[in-house]
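First comes the structure, then the notes that go with it.
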Amino acid sequence: MRRGLNWSRVARGAVLSLVAAGLAAVTVSGEAQGATTLPGFSESVVLSGLTNPTVVRFSPDGRVLVAEKRGVIKIFDSLSDTTPKVFADLNANVYNFWDRGLLGMALDPEFPTKPYVYVLYTYDHELGSSQQAPRWGTPGVYSDPCPTPPGATADGCVVSGRLSRLTAAGDTMTGPEQVLVEDWCQQYPSHSVGTVEFDRSGALYASAGDGASFNFADWGQDGSPLNPCGDPPGPPGTVLAPPTAEGGALRSQDLRTTSDPVGLDGSVIRVDPATGQGLPDNPLASSADPNARRIVASGLRNPFRLTGRPGTDELWIGDVGWNTWEEINRVPVPTSGPANNGWPCYEGASRQSGYDGADLAVCENLYATSGAVTSPYLAYNHSNQVVAGETCPTGSSSISGLQFGPPATQSPYPAEYGNALFFADYSRDCIWVMPTGTDGLPDRTRVRTFVAGAANPVNLQIGPGGELYYVDFDGGTIRRISYTSQNRPPVAVVSANPTTGSAPLTVAFDATGSSDPDPGDTLTYAWDLDGDLAYDDSNAAKPTYTYMSAGTFTVSLRVTDSHGATATTSTTVTVGNTAPTAVIDIPSAGTLWRVGDVIAFTGHATDTQDGALPSSALSWDLVMQHCPSNCHSHLIQTFSGVSGGSFVAPDHEWPSYLELRLTATDSGGLSSTTSLRLDPRVVTLTFQSVPGGMTLTVNGLSGKATFSRTVIVGSTNTVSAVSPQTKGKQQYRFVSWSDGGAQTHTIVAPQAAATYTARYK
């Protein structure tokens, strides 16, 4: 019998457990109302109340495990369980900051018979350091800092990555972690670890990003000390510069450089799940370097998600791009190669102009080698729609989910979805499907929008019954995509006003926001207004109810369509208590910041019942909103139980802004949140050349001089004067920059507009 994950066996086993538990009825939460699905499909919330979940896994016995970014793994008895247990709390080891944390988790293919859970997380530890974890955080505190100095996006808080095996005893972890791999030197707060998966032979895969800057072309020129990962051509403290630099994003090409031990940044590894060692059939199994023996794919920027194609050994990788392209990469035979996907010398199928313009030897050698790079199977441009005419936005992009569906004979979906590839984008809030072609591979000409307006998807999984599930990172839910060829269930939506107040409290309810996806269907309503679990209080679309005594009441709505399909949702009414009022005192509205500014914040909250709330009732979130077109958010840090503090304004590309949120919670559990938008000071930098019209590169994007870029004051920017280049019939070579910098160098954006001129002759 093969040891590989027979996911169809998992799906069948799980769905039998669910049916036995009496879960055949469809329940759709009002939270799912924003999604638009293909005809016949519907979305529902099956689990909620989670804190930044990153991965969901289904056990054949019906249990469901969910990993949270902060390092907590929760376990549910079934999809109907509303009170999960904590399977494991890895808080002390997990570095939960910005895009770092517990991001990958998998169950042993024979779980629970083999009671192993595999985790991949950002480890709060520096490689080679004798200082034990946590390096930056504090045990018991679930949001970790990155102080300045060194600064999250300045010199970077250096950490590592860890792949471990946990042992389950019932619903809890027993014994210590078995560490399989610790590597992945990571300097900056994104492009961290990714996915852990099994193939059909029982081999364990893990992926991780380059740990480099997302703001500028990073070849290892920053750090405290400089070159903190010790990349060639020197140890930590060495100044790295083109053409010899091999640090920063170039670590993704480390397999091609032989002057130092191989690191795992920007790669996918294939290892023995019992030992973490490279497998004997890996492509570099005979290498003397243990990391080289592990690698089956390299040249990746942020391979956040990967999956295998059913019935094959193929590896499919979703790689998050920089300025221009998102990639899906195919590795047909992981034991042959290893595959080089080109980053940072390439992005998509083309040269990456920021690194190309720097004339780095690592990239120049790669360009000169025919056939050395495998182009993406599918790449989509940040400026373009994935499917023409769809409602999914363009601009912000980050591929965040990758999953093949089951064969048509094992799927509840129409036959055309058999073995189809589903992929998701967190920034665009969309999920697409790529049905198979005549050759059995996903057909790039048949991509269609599967779910538009999805809820922050960061992981796709096939679960009970062969249906697609996804993880909603921001909303803390797990969602299911169901299909029916006949009548589809309605969507239940409830609103209430007011939801808090003193007794007697009269509340107006409204169900008219509910809907049905099938034309011509009518809806009827049944309410449980008094919280006694019986839907016998009203059949009106807009009932009112008066609560005479204090208490917390769960009000439920059941919506039924004209063919008998139902959906339920609920809301809470609190009588005898009102939510507090949170107030941000400083900074004031309109405060502008530069990179590196220390921004102090204070706030307070009052409550009608409790009076002034203590600091312990306050919690702050600092969020970076990145808005190249539509905005997507990066939670930087949480400050819990304090009335104030400070943070250092981080470096980031523009357009973006900071959002500071204050949440106050009273003694009765009611909370309110207020937020403050903090915009950066920006400056326009102009780039020109003598003679005019030469190609210059700024932060990975090239243009013909003269052109301008708007950047945040104090931000770090890399500039390159491409040389040599031809204009007309004459070839020109770079001579100098007006600021005295090298052909490729870093500039810190000044407060006032400035012009930088590259001279050629």
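Fair warning: this is a prediction, and the values are worked out from it, not measured in the lab.
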Would you kindly check if the NZ (Lys) or CZ (Arg) of Arg351 is within the cone defined by 45 degrees around the ring axis of Tyr367 and under 6.0 Å from the six-membered ring centre? yes

Establish, from distance only, whether the side-chain atoms of Thr673 and Thr663 form a donor-acceptor pair under 3.5 Å. yes

Could you tell me whether a side-chain N or O of Ser252 sits under 3.5 Å from a main-chain N or O of Gly299, the two making a donor and an acceptor? no

Do any N or O atoms from the side chain of Gln221 and from the backbone of Trp219 form a donor-acceptor pair under 3.5 angstrom? yes

For Arg305 and Val55, the nearest pair of non-hydrogen atoms, with its separation, is NH2-CG2, 4.0 Å

If you measure only the distance, is there a donor-acceptor pair under 3.5 Å linking the side chains of Glu326 and His382? yes

Quiz question: by atom type and distance under 3.5 Å, do the side chains of Ser160 and Glu182 form a donor-acceptor pair? yes

Exercise: do Thr686 and Ser708 side chains pair donor with acceptor under 3.5 Å: yes

Out of Asn215, Asn699, Thr746, which residue meets the side-chain hydrogen bond (donor to acceptor under 3.5 Å, both in side chains) rule with Asn717? Asn699

Can you tell me if His745 and Asp739 form a side-chain donor-acceptor pair at under 3.5 Å? yes

When you compare the side chains of Ser633 and Gln625, does any donor N or O come within less than 3.5 Å of an acceptor on the partner? no

Tell me yes or no: between the side chains of Ser397 and Ser427, is some donor less than 3.5 Å from an acceptor? no

Let me see the working for Arg677 and Glu659 under salt bridge (Lys or Arg N to Asp or Glu O under 4.0 Å), right down to the final yes or no. CA-CA 5 Å; Arg677 173 171 171 156; Glu659 183 181 0; over 6 Å; no

Is the backbone N or O of Val471 less than 3.5 Å from a side-chain atom of Asn459, with the two atoms forming a donor-acceptor pair by type? no

If only side-chain N and O atoms count, and only distance matters, is there a donor-acceptor pair under 3.5 Å linking Asp359 with Gln743? yes

Checking the side chain of Gln253 only, and the main-chain atoms of Trp343 only, is there a donor and an acceptor separated by less than 3.5 Å? yes

If only atom types and distance count, is the side chain of Asp319 paired as donor or acceptor with the main-chain N or O of Arg301 below 3.5 Å? yes

Donor-acceptor pair between Ser353 and Thr697 side chains, under 3.5 angstrom: no

Does one side chain, of Tyr95 or Gln186, offer a donor that lies under 3.5 Å from an acceptor on the other? no

Is Arg162 close enough and on-axis enough to Tyr121, meaning under 6.0 Å and within 45°, for cation-pi? no

No-hydrogen, no-angle side-chain donor-acceptor test under 3.5 Å, Ser190 and Asp99: yes

Of Asp218, Asp210, Thr257, Asp231, the one forming a side-chain hydrogen bond (donor to acceptor under 3.5 Å, both in side chains) with Arg251 is Asp231

Scan side-chain atoms only and decide if His125 and Gln131 contain a donor-acceptor pair under the 3.5 Å cut-off. no

